[in-house]
**Q** 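Encoded as structure tokens, here's the structure I'll be asking about.
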Amino acid sequence: MKIRDLEQGKKKYPDVKFLTYKDRKRILVTGGAGFVGSHLVDRLMMEGHEVTVVDNFFTGRKRNVEHWIGHENFELLHHDIVNPLYIEVDEIYHLACPASPPNYMYNPIKTIKTSTLGTINMLGLAKRVRARVLLASTSEVYGDPEQHPQTEDYWGHVNPIGPRACYDEGKRVAETMCYAYNKQENVEVRVARIFNTFGPRMHMNDGRVVSNFILQALQNESITVYGDGTQTRSFQYVSDLVDGLMRLMASNYSLPINLGNPEEHTIMDFAQIIKNLVGGESRIVTKKPMQDDPQRRRPDITRANKYLNWEPKVPMMVGINKTIEYFRNELRRSRHSERNFHAPDYFQV
């Protein structure tokens, strides 16, 4: 009787694809409990691979991947990649690093260590086990760009001692190390320069434009725009980014590739879009501009289109509405048992 009761309460998992030993890969995702990492983990798990997530939970959360805990193809390691890691893998998606300004400015030394020492450790692991490694770099390597839109050949315009330098320069050095390991040790590397990304599982108070505006609008607080709001950003939905990362990993192209949405909006326009979609009584207010805040940001995705056959598919309004709904559910939670599980678009639970 007790055994039957236990079996009835057995955890159910999404139905994953079965791969034979020839096709199934052992894949490491650093930062896999974070916003982007958890969506990538969902895709890799659904495709039938064995996935190991490594996270120190500085910005990642266990509940982003809790629906896989206990699955035979999934493993979660609480580990800081500033320290070496010794496991057997075929591919490494290296996403670990705080990516929003409040988080990476909170501990700039830790941010630099994660970008540099963490990348060295992942490249060292890739060298030992002959794995391919994909670095999640960033559009911040272009700094406050003088070229518009930004192509991968542009070297950037970065303040090396400014408040954002710990992230910007950390990622620039990480890219340098990838190509040094590629040249000297024949490590297979892929580099994705990721532009602004949004979607469910964003941290509520991570300080990014999308989460800030949605949260403020839902709570009828003032929507704060830093500067006059004429600075531009290009926003892509998270499922498009995950698709691009997986295509890049599977490709034979080893130079950096921009992954972003070339549809450009001013920050003020975006604040108005959020205000209109959420409704409520929020007012848009302007504050003193942030130091070294890039004035224009838009990717040239010619390279991604040519070599990966990739371009964003999810319309911005569709993505924003999904994100607003996620945040609305998040604000409604009053007990731990009230789950706000986002079933990704690529599977139904």
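Numbering starts at 1 and runs along the sequence shown.
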**Q** Which residue pairs pass the salt bridge (Lys or Arg N to Asp or Glu O under 4.0 Å) test with at least one member in residues 262-272, sequence neighbours excluded?
**A** Glu264-Arg296
**Q** Let me know which of Ile284, Leu277, Ile267 forms a side-chain contact (heavy atoms from CB on, under 4.5 Å) with Phe213.
**A**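 Between Phe213 and the candidates, side-chain contact (heavy atoms from CB on, under 4.5 Å) is satisfied uniquely by Ile267.
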**Q** Which one of Val242, Leu248, Leu40, Val41 satisfies the side-chain contact (heavy atoms from CB on, under 4.5 Å) criterion with Tyr93?
**A** Leu40
**Q** Tell me which pairs pass ring pair (Phe, Tyr, Trp, His ring centres under 6.0 Å) where either residue lies in residues 238-266, with sequence neighbours left out.
**A**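 Pairs touching residues 238-266 that pass the test: Tyr253-Tyr307.
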**Q** Which ILVMFWY residues are connected to Tyr142, directly or by a chain of links, through side-chain heavy atoms under 4.5 Å apart?
**A**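 Grouped by the 4.5 Å side-chain rule, Val141, Tyr154, Phe195 form the rest of the cluster around Tyr142.
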**Q** Please tabulate, for side-chain N and O atoms in residues 214-221, each donor-acceptor pair with protein atoms closer than 3.5 Å (sequence neighbours left out).
**A**
| residue | atom | partner | partner atom | Å |
| --- | --- | --- | --- | --- |
| Gln216 | OE1 | Thr224 | N | 3.1 |
| Gln216 | NE2 | Thr224 | OG1 | 3.0 |
| Asn220 | OD1 | Glu281 | N | 2.8 |

**Q** Using distance alone, with no hydrogens and no angle criterion, decide if Asn321 and Glu325 have a side-chain donor and acceptor under 3.5 Å apart.
**A**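 On atom types as modelled, these side chains do not qualify, holding no pair under 3.5 Å.
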**Q** Would you find a donor on one side and an acceptor on the other, under 3.5 Å apart, between the side chain of Gln150 and the backbone of Arg298?
**A** yes
**Q** Can a side-chain donor-acceptor contact be found between Trp310 and Asp240 if the only test is distance below 3.5 angstrom?
**A**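 No.
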**Q** Applying salt bridge (Lys or Arg N to Asp or Glu O under 4.0 Å), which residue pairs with at least one partner in residues 306-315 are found, sequence neighbours left out?
**A**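 Residue pairs passing salt bridge (Lys or Arg N to Asp or Glu O under 4.0 Å), neighbours aside: none found.
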**Q** Could you note down all residue pairs passing side chain to side chain donor-acceptor pair (under 3.5 Å) where residues 44-53 supplies at least one of them, sequence neighbours left out?
**A** Arg24-Glu50
**Q** Is a side-chain donor-acceptor pair under 3.5 Å present for Thr151 with Asp153?
**A**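 No pair is found: no donor N or O on one side chain lies under 3.5 Å from an acceptor on the other.
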**Q** Of Arg130, Arg132, Lys25, Arg26, which meets salt bridge (charged side-chain N to carboxylate O under 4.0 Å, His left out) against Asp90?
**A** Arg26
